[in-house]
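Comments concern the structure below.
Computed from a prediction, not measured in an experiment: that's the story for all the values here.
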Amino acid sequence: MENIRPISENGARNYNPLSLAFIGDSVYENHVRERLILAYPNMLPKDLHIKAVSYVKASSQSRIICGIEESLHDDELYIYKRGRNTKSHTVPKNADLLDYRRASGFEALVGYLYLVGKDKRLEEIIDLSFKIVEEGENHGKERE
């Protein structure tokens with residue numbers, strides 16, 4: 001199978017938004033795992049998994065996209081909204097519907113940026129996502 005990446009922006013716009021979310025989920029989780037293993041080289045895998053979940057769960061992705069939505073470029077906002085508004089036939093039982101839909105939009109955006117080869121912008125979005133999740137964690141600790 002030949003390498004399909006990068007594809008044209010118009011080509012990516014024609015993908016089903018849930019297909020973009022499918023690849024975006026994988027890309028984002030891989031970035032999270034990579035950053036965590038580099039930041040915590042001695043952490044046990046079960047603890048790495050627990051930490052990774054705090055970044056990839058629907059409520060966190062929903063918070064991320066709400067935090068960056070105003071800074072999205074027009075093409076990115078278009079992809080996010082398509083992903084958010086596409087009806088999914090399943091919703092995980094532990095996720096709020098609105099959070100799940102926003103998370104699907106976020107994952108579609110990540111998948112789009114990955115497929116079109118906008119790696120620098122993808123890194124910017126992932127950097128922002130880490131800041132937003134970590135600020136939320138610190139805010140929660142302050143309230144304890």
Checklist entry - Hey, are the side chains of Ile65 and Leu109 touching, using non-hydrogen atoms and a 4.5 Å cut-off? => result yes
Item to check | Between Phe106 and Tyr28, ring centroids under 6.0 Å | outcome: yes
Checklist entry - Which pair of non-hydrogen atoms, one from Ile132 and one from Ile68, has the smallest distance, and what is that distance? => result CD1-CG2, 3.8 Å
Next on the checklist: With a 4.0 Å cut-off on N to O distance, would you call Arg33 and Glu29 a salt bridge?
Outcome noted: yes
Next on the checklist: Before we go on, tell me: are the rings of Phe130 and Tyr55 under 6.0 Å apart, centre to centre?
Outcome noted: yes
Next on the checklist: Out of the candidates Arg13, Arg121, Lys118, only one should pair with Asp75 under the salt bridge (charged side-chain N to carboxylate O under 4.0 Å, His left out) rule; please name it.
Outcome noted: Lys118
Next on the checklist: Show the nearest heavy-atom pair for residues Glu9 and Val116, with the distance to one decimal.
Outcome noted: CA-CG1, 3.8 Å
Checklist entry - Can you tell me if Arg102 uses its side chain to pair, donor with acceptor, with the backbone of Gln61 under 3.5 Å? => result no
Checklist entry - What about Leu48 and Leu44, same hydrophobic cluster or not, with Ile/Leu/Val/Met/Phe/Trp/Tyr joined at side-chain heavy-atom distances under 4.5 Å? => result no
Next on the checklist: If I take atom NZ from residue Lys120 and atom CG from residue Leu122, how far apart are they, to the nearest 0.5 angstrom?
Outcome noted: 13.0 Å
Checklist entry - Would Asp119 and Arg5 pass as an ion pair if we require N to O under 4.0 Å? => result yes
Checklist outcome for this item: Minimal heavy-atom distance between Tyr112 and Ala12, with the atoms involved, is CD1-CB, 3.6 Å
Next on the checklist: Show the nearest heavy-atom pair for residues Ala108 and Gly83, with the distance to one decimal.
Outcome noted: CB-CA, 4.0 Å
Item to check | Pair Arg35 + Glu123, salt bridge at N-O below 4.0 Å | outcome: yes
Item to check | Exercise: identify the closest heavy-atom pair between Pro17 and Thr86 | outcome: CG-OG1, 3.3 Å
Checklist entry - Any chain of hydrophobic side-chain contacts (each under 4.5 Å) joining Tyr40 to Ile50? => result no
Next on the checklist: When you measure from the side chain of Asn85 to the backbone of Lys81, do you find a donor-acceptor pair of N or O atoms at a distance under 3.5 Å?
Outcome noted: yes
Item to check | Verdict with reasoning, Ile79 to Leu72, per side-chain contact (heavy atoms from CB on, under 4.5 Å) | outcome: CA-CA 10 Å; Ile79 295 295; Leu72 295 180; over 6 Å; no
Item to check | Atom pair CE (Met43) and NE2 (His49), whose distance is rounded to the nearest 0.5 Å | outcome: 13.0 Å
Checklist outcome for this item: Which of Ser60, Ser62, Ser104 passes side-chain contact (heavy atoms from CB on, under 4.5 Å) with Asp99? It is Ser62
Checklist entry - In terms of hydrophobic clusters joined by side-chain contacts under 4.5 Å, are Phe22 and Val110 together? => result no
Item to check | Heavy-atom side-chain contact between Ile7 and Tyr15 under 4.5 Å | outcome: yes
Checklist outcome for this item: To the nearest 0.5 Å, atom CG of Leu20 lies from atom CD of Glu107 at 11.0 Å
Checklist entry - Between Tyr80 and Leu98, is there a shared hydrophobic cluster once you connect ILVMFWY residues whose side-chain heavy atoms come closer than 4.5 Å? => result no
Item to check | ILVMFWY network linking Val133 to Leu38, side-chain heavy atoms under 4.5 angstrom | outcome: yes
